[in-house]
Amino acid sequence: MKFKVSHSQDTVKGELKITGSKSESNRLLIIESLFKNLQISNLSNSDDTQVMKKALTSNEVEVDIHHAGTAMRFLTAYFSVQEGRETVLTGSQRMQERPIQLLVEALRSMGAEISYEKNEGYPPIRIKGKKLQANSVSLQANISSQYISALMLIGASLPQGLTINLEGQVTSTPYILMTLEMLQRSGIQGSFEENTIRIEACSELSPKTIPVESDWSSASYFYSIAALAEEAEIKLSNYREESLQGDSCLATIYKQFGVETNFDENSITLKKSKCSKPASITEDLRNSPDIAQTIAVTCLGLGTACKLTGLHTLKIKETDRLVALKNEIEKLGGEVVISNDHLELKPSATLNKNVAIATYNDHRMAMAFAPIALKIPVIIEDAMVVSKSYPDFYNDLETLKFIVEKD
Ligand SMILES: O=C(O)C1=C[C@@H](OP(=O)(O)O)[C@@H](O)[C@H](O)C1
Ligand SMILES: C=C(OP(=O)(O)O)C(=O)O
């Protein structure tokens with residue numbers, strides 16, 4: 001389904017409650033399933049969290065996690081320690097192109113029994129759950145932090161805990177720290193020093209309720225809206241200044257676009273009151289890859305040049321995000337150069353009209369391009385792709401007086 005998105009006012013005002021972080025939710029669901037006694041509040045209503053919940057309660061051999069990277073990686077480790085259970089873990093066509101080999105190799109070195117159903121190194125995989133006796137593992141840390149989080153999440157269920165030695169330059173580090181903090185808040189001891197992660201064994205947790213903070217990657221689209229509007233005041237809950245989510249760096253990054261973030265007890269207010277359009281910005285997004293598309297489109301809409309680096313993980317996400325960004329920015333008239341790990345956008349004076357943005361089965365392509373509607377009406381193809389992380393996205397746009405029409 002295509003949506004035409006437009007907006008006819010200069011000022012954007014409103015209040016929204018964005019759903020819980022899918023990253024925090026999916027970690028807590030695994031911890032709850034392994035150790036019990038956790039209540040989770042403000043759980044994400046995203047597809048990725050729905051498929052995780054379903055997988056953890058399913059008794060079927062085949063478990064299909066669709067497009068959810070965290071579910072694929074975390075469940076590979078989880079099912080490896082489910083003694084006596086055999087599972088075939090599969091996903092969407094794209095998931096079958098997203099590599100899993102480093103995690104499978106790491107788990108096999110710990111004694112896990114995993115085989116490939118189709119292509120070596122990629123889902124679907126068949127897992128014969130066993131009691132794993134290993135207490136240490138090494139793996140390459142520069143491809144996806146999700147492999148590392150997956151091992152951390154099962155670490156405490158092993159009889160001697162788990163020491164994880166990280167090799168090479170670590171990528172998406174805040175997600176590893178988030179996993180550690182979620183484990184600690186649940187009552188599991190652990191540490192991350194230099195390149196070594198240690199997770200202590202644990203057999204039982206005492207009962208507690210853990211709240212999920214709302215999703216900062218989803219908040220990025222409202223930072224972009226605030227930056228592209230002439231004036232804006234947008235209140236978002238539930239957010240905290242001391243966030244576990246690396247994408248909370250948005251508050252600092254968007255200052256360059258004149259967007260100030262006021263932190264209240266349980267919410268943030270994004271305010272833009274004066275025209276602020278930097279000539280150019282440069283950002284290293286190694287620690288926050290999911291906001292690359294948002295920032296690139298903000299810059300395109302403002303005519304700001306940008307250089308984004310640290311983007312080496314983007315090609316193995318929901319789509320090759322660097323290629324997808326280049327294609328769609330060029331449709332709007334932008335000039336962009338990409339390499340394996342960076343993107344450079346030239347400042348552009350005008351935007352092309354009547355453009356339909358292709359979304360490549362990637363929620364973030366739809367949500368990153370929608371805010372450009374403040375400058376020019378835009379058509380978003382396969383618009384409901386947003387449900388992967390943020391099913392209420394278009395309703396929330398409407399609350400902010402965007403006009404969303406089925407095309
Ligand atoms: O652990 C997580 O919850 C995530 C880690 C990141 O992936 P990589 O570690 O593969 O960069 C991020 O892109 C993804 O959206 C969520
Ligand atoms: C990369 C993402 O998700 P995942 O890897 O969990 O599919 C994302 O949400 O941008």
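Computed from a prediction, not measured in an experiment: that's the story for all the values here. Indexing begins at 1, ligand by ligand and atom by atom, following the structure's order.
Looking at R364 against ligand 2, only its side chain comes within 4.0 Å, counting heavy atoms.
With respect to atom 16 (C) of ligand 1, the closest heavy atom belonging to the protein is Q146 NE2, 3.5 Å. Shortest contact from atom 10 (O) of ligand 1 to any protein heavy atom: S144 OG, 2.6 Å. What sits closest to atom 2 (C) of ligand 1 on the protein, heavy atoms only, is Y175 CD2, 3.3 Å.
Salt-bridge check for R321 with D362: passed, with a basic side-chain N closer than 4.0 Å to an acidic carboxylate O.
Per-residue contacts place K22 under 4.0 angstrom from the following atoms of ligand 1 (heavy atoms of the residue considered): 15 (O). The distance from ligand 1 to the heavy atoms of S23 drops below 4.0 Å at these ligand atoms: 2 (C), 3 (O), 16 (C). Residue D290 approaches ligand 1 through these ligand atoms, each under 4.0 Å from one of its heavy atoms: 12 (C), 13 (O), 14 (C), 15 (O).
Contact record, A366 with I380: CB-CG2, 3.7 Å, taken as the closest heavy-atom pair.
Every heavy atom of T171 sits 4.0 Å or more from the atoms of ligand 1.
Compare K317, H312, R27, R321 by their heavy atoms: the one nearest to atom 1 (O) of ligand 1 is in R27.
Among the atoms of S172, some N or O lies under 3.5 angstrom from an N or O of ligand 1.
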